[in-house]
Amino acid sequence: MVQFRFLRRIPMTVRTRFAPSPTGFLHIGGARTALYCWLEARRRGGEFVLRIEDTDRERSTEEAVKAILDAMHWLDLDADEAPVYQTHRLDRYKQVAEKLLAEGKAYYAYESKDEIEAMRDAAMAKGEKPRYNGYYRDRNEAFREDPNRVIRFRNPQEGSVVFEDKVKGRIEFANSELDDLVIFRSDGWPTYNFAVVVDDIDMRITEVIRGDDHVNNTPRQINIYHALGAPVPEFAHLPMILDKEGKKLSKRTNSVSVMEYREDGYLPHAILNYLVRLGWSHGDQEIFSREEMVKLFDTADVNKAASRFDTEKLNWLNQHYLKSDEPATLVPEFEWHLQRIGIDASKGPAPAEVIVALRDRVHTLKEMAERAKIWYSPITEWDDKAVAKHLQNDSAPRVLDEAKALLAAVEWQPEPIHQVIEQVAARLELGMGKIAQPLRVAMTGTQVSPSIDHTIYLCGREEALKRIDAALVRARG
RNA sequence: GCUCCCAUCGUCUAGUGGCCCAGGACACCGCCCUCUCAAGGCGGGAACACGAGUUCGAACCUCGUUGGGAGCGCCA
């Protein structure tokens with residue numbers, strides 16, 4: 001055990017964990033928790049690990065595990081170790097519970113669920129908190145086969161539990177408010193509050209970062225740490241994320257799954273940047289690179305109050321990254337979106353050039369893909385108003401004829417094309433509006449598009465000339 | 001009902017007793033630029049929940065009120 005003693009002398013490494021229960025997809029609140037755990041570990045040179053809390057065998061699914069892992073991967077929140085699955089650790093929980101039993105820190109109880117419920121109703125009727133009355137606490141009943149057999153933790157009755165939450169500050173609970181919670185269910189599986197503590201001890205977690213819906217569980221868990229003679233980690237309870245109306249986020253009215261945000265066209269780092277600023281800040285700074293987040297983030301600077309999810313601001317950030325990222329780095333995600341709407345990116349302009357043309361005009365890659373359609377497939381719809389206004393007038397046919405002639409021979413690059421348009425304007429003595437709009441309708445069937453030179457350029461010469469011909473038919477028709 | 005938590009512009013927030021008749025960002029409005037739509041530039045309106053204290057002085061400290069939220073499971 002020489003090695004062991006040596007290890008003890010090494011300063012404790014910071015370890016954080018993200019512990020989702022696989023009963024659904026990774027939602028946006030969970031993503032923020034994971035981000036904060038990840039950042040805290042990275043900043044302090046520590047380790048970030050994952051634990052799958054799958055002891056609820058009714059609701060946990062394989063698909064959900066995969067969905068969560070996929071989302072974490074997409075966000076690039078990498079864990080330092082393989083995930084720990086609670087269902088693989090049943091023997092360990094049993095072992096720890098036996099120890100507590102042997103030391104008199106836990107006991108068997110045999111009430112049925114109905115009896116427990118009646119107990120709670122009675123307490124409520126008296127204006128008290130619904131809780132266990134401690135019937136078996138001092139009865140020292142031995143183990144016996146019984147469908148109702150559970151193991152309860154013998155919670156201290158005197159004094160109080162105080163902890164210094166890194167975001168909320170000092171929090172105190174009187175032990176008299178706590179009852180003897182079940183740590184092992186009658187089905188032979190441990191309960192959440194027990195498994196979490198055993199796992200966090202075994203996984204050497206030094207800072208527990210989780211949603212503040214867990215604040216009320218914390219004193220119970222601390223008492224279990226004490227009973228087990230284990231050091232208590234630090235706690236940081238993050239406030240909730242509410243929807244735009246200030247209500248709890250729900251699937252009905254919001255996108256909640258991280259992967260839905262992907263489908264909606266958001267960039268992973270835009271989501272991360274949005275999330276890091278939702279509940280945390282560093283002065284007036286809004287834009288944070290991954291490196292800056294890692295350098296600056298601190299759970300101690302997290303806000304105490306709940307915050308609302310604002311899609312408008314996410315949109316702004318997403319566009320910010322669309323505009324400032326190197327286009328080439330956006331291509332894979334963009335192509336993913338093109339493919340989703342049935343566009344074959346190989347049959348049209350280079351995606352990077354399309355990105356440059358559209359990034360000032362859209363907030364998401366989904367929108368971008370939709371608008372990119374005009375360069376990858378033929379025009380199928382014509383905006384009647386656009387046709388009537390910009391094609392069916394005196395100058396349009398002349399503009400189109402003239403442009404067609406010049407475009408047929410020009411070097412196919414945005415700049416020469418731009419010069420062609422200016423030449424047309426000069427020759428026909430017309431303003432740019434009179435030139436650009438008919439061409440725009442010709443190229444797109446609508447009166448809205450990126451700058452006309454780029455719009456034409458991206459069509460490709462052959463297609464551009466074909467579209468001018470088609471427009472001439474309409475202009476004269 | 002009981003316990004715990006929270007409270008600055010519409011939203012995210014800066015602010016830790018004087019630098020604040022409160023700063024930034026998103027959104028909104030106006031102007032400029034302009035081949036459309038955007039993007040961009042410039043400017044504008046917009047908040048310390050309320051009431052008592054403490055203090056020479058309070059967005060910041062204390063108490064109360066009101067309003068929100070979470071939890072009170074053999075779910076996590």
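All chains are named by letter (A, B, ...) in the order of the sequence lines, taking the proteins before the strands, and each is independently numbered beginning at 1.
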Of the listed B:C75, B:U36, B:G73, the closest approach to the A:Pro130 side chain comes from B:G73
* Between A:Phe48 and A:Phe18, does the ring centre distance come in under 6.0 Å? -> no
Looking only at B:C12, B:C35, B:G71, the nucleotide nearest the A:Ser307 side chain is B:C12
With rounding to the closest Å, how many angstrom separate the P atoms on B:G68 and B:G73?
24 Å
Is the phosphate of B:C12 approached by A:Ser281 (side-chain N or O, under 4.0 Å from OP1 or OP2)? no
Are the aromatic rings of A:Tyr261 and A:Phe309 close, with centres under 6.0 Å apart? yes
*What class does the angle between the rings of A:Tyr110 and A:Tyr108 fall in, given that below 30° is parallel, 30 to 60° is tilted and above 60° is perpendicular?*
tilted
Practice task
Quote, to the nearest angstrom, the P distance that separates B:G53 from B:U13.
Solution key: 33 Å
Across every strand shown, the nucleotide meeting Watson-Crick or G-U wobble geometry with B:G51 (both distances under 3.5 Å) is B:C63
> Is any side-chain N or O of A:Ser449 closer than 4.0 Å to OP1 or OP2 of B:C37?
Replying inline: no
Looking at A:Glu117 and B:G73, is any side-chain donor or acceptor paired with a base atom of the opposite kind under 3.5 Å? no
request  = Look at the rings of A:Phe297 and A:Trp280 and say which category their plane angle falls in: under 30° parallel, 30 to 60° tilted, over 60° perpendicular.
outcome  = tilted
| Does A:Glu367 use its side chain to pair, donor to acceptor, with the backbone of A:His363 at less than 3.5 Å? | yes
Sticking with atom P, work out how far B:A70 lies from B:C29, rounded to a whole angstrom.
34 Å
Regarding the side chain of A:Val182, the nearest nucleotide among B:U3, B:C74, B:C35 is B:C74
Expressed as a whole number of Å, how far does the P atom of B:A25 sit from that of B:G43? 11 Å
Taking for A:Trp280 and for A:Gln447 the nucleotide of RNA chain B with the nearest heavy atom, the one nearer the 5' end belongs to A:Trp280
Query - Short side-chain N/O contact to B:A76 OP1/OP2 from A:Arg185, under 4.0 Å - result: yes
Requested in this report: State whether A:Tyr135 and A:Arg139 meet the cation-pi test: NZ (Lys) or CZ (Arg) under 6.0 Å from the six-membered ring centroid, and within 45° of the perpendicular axis.
Outcome: yes
| request: Sticking with atom P, work out how far B:A7 lies from B:C12, rounded to a whole angstrom. | output: 12 Å
Check your understanding: Given the P atoms of B:C5 and B:C48, what is the spacing between them in whole Å?
Key -> 26 Å
Is it true that A:Arg398 and A:Asp401 have a side-chain N and a carboxylate O under 4.0 angstrom from each other?
no
Checklist entry - Which part of the nucleic acid, if any, lies within reach of A:Glu172 when heavy atoms closer than 4.0 Å are counted: base, sugar-phosphate only, or nothing? => result sugar-phosphate
5'-most contact on RNA chain B (nearest-nucleotide basis), A:Lys434 vs A:Asp310, goes to A:Asp310
Could you tell me whether the phosphate oxygens of B:C12, OP1 or OP2, come under 4.0 Å of any side-chain nitrogen or oxygen in A:Lys313?
no
Discussion item. Whether A:Arg120 contacts B:C74 is assessed here as follows: a side-chain N or O lying under 4.0 Å from the phosphate OP1 or OP2. Is that the case?
Written reply: yes
Practice item. With C1' as the reference atom in both, quote the distance from B:G40 to B:C56 in angstrom, rounded to an integer. Key: 49 Å
| Going by modelled atom types, is there a donor-acceptor pair between the base of B:G23 and the side chain of A:Asp284 at under 3.5 Å? | yes
Taking B:C12, B:U3, B:C74 as options, the one with an atom nearest any side-chain atom of A:Arg277 is B:C12
Applying the 3.5 Å cut-off to both distances, the Watson-Crick or G-U partner of B:C4 turns out to be B:G69
Fill in: Atom C1', compared across B:G10 and B:U55: separation rounded to whole Å
35 Å
### Task
Scan A:Asp179 against the nucleic acid and name what it touches under 4.0 Å (heavy atoms): base, sugar-phosphate only, or nothing.
nothing
Checking B:A39, B:C5, B:C37 against the side chain of A:Gln319 (C-beta onward), the nearest is B:A39
Looking at B:G73, I'd like to know if its phosphate oxygens (OP1 or OP2) sit under 4.0 Å from a side-chain N or O belonging to A:Asn193. no
Among the nucleotides B:U3, B:U13, B:C74, whichever has the atom closest to the side chain of A:Asn303 is B:U13
May I ask you to verify whether the side chain of A:Arg361 and the base of B:C37 hold a donor-acceptor pair under 3.5 Å? yes
pair_partner(B:C26), Watson-Crick or wobble, both distances < 3.5 Å, evaluates to B:G10
When both distances are under 3.5 Å in a Watson-Crick or G-U wobble arrangement, the nucleotide paired with B:C56 is B:G18
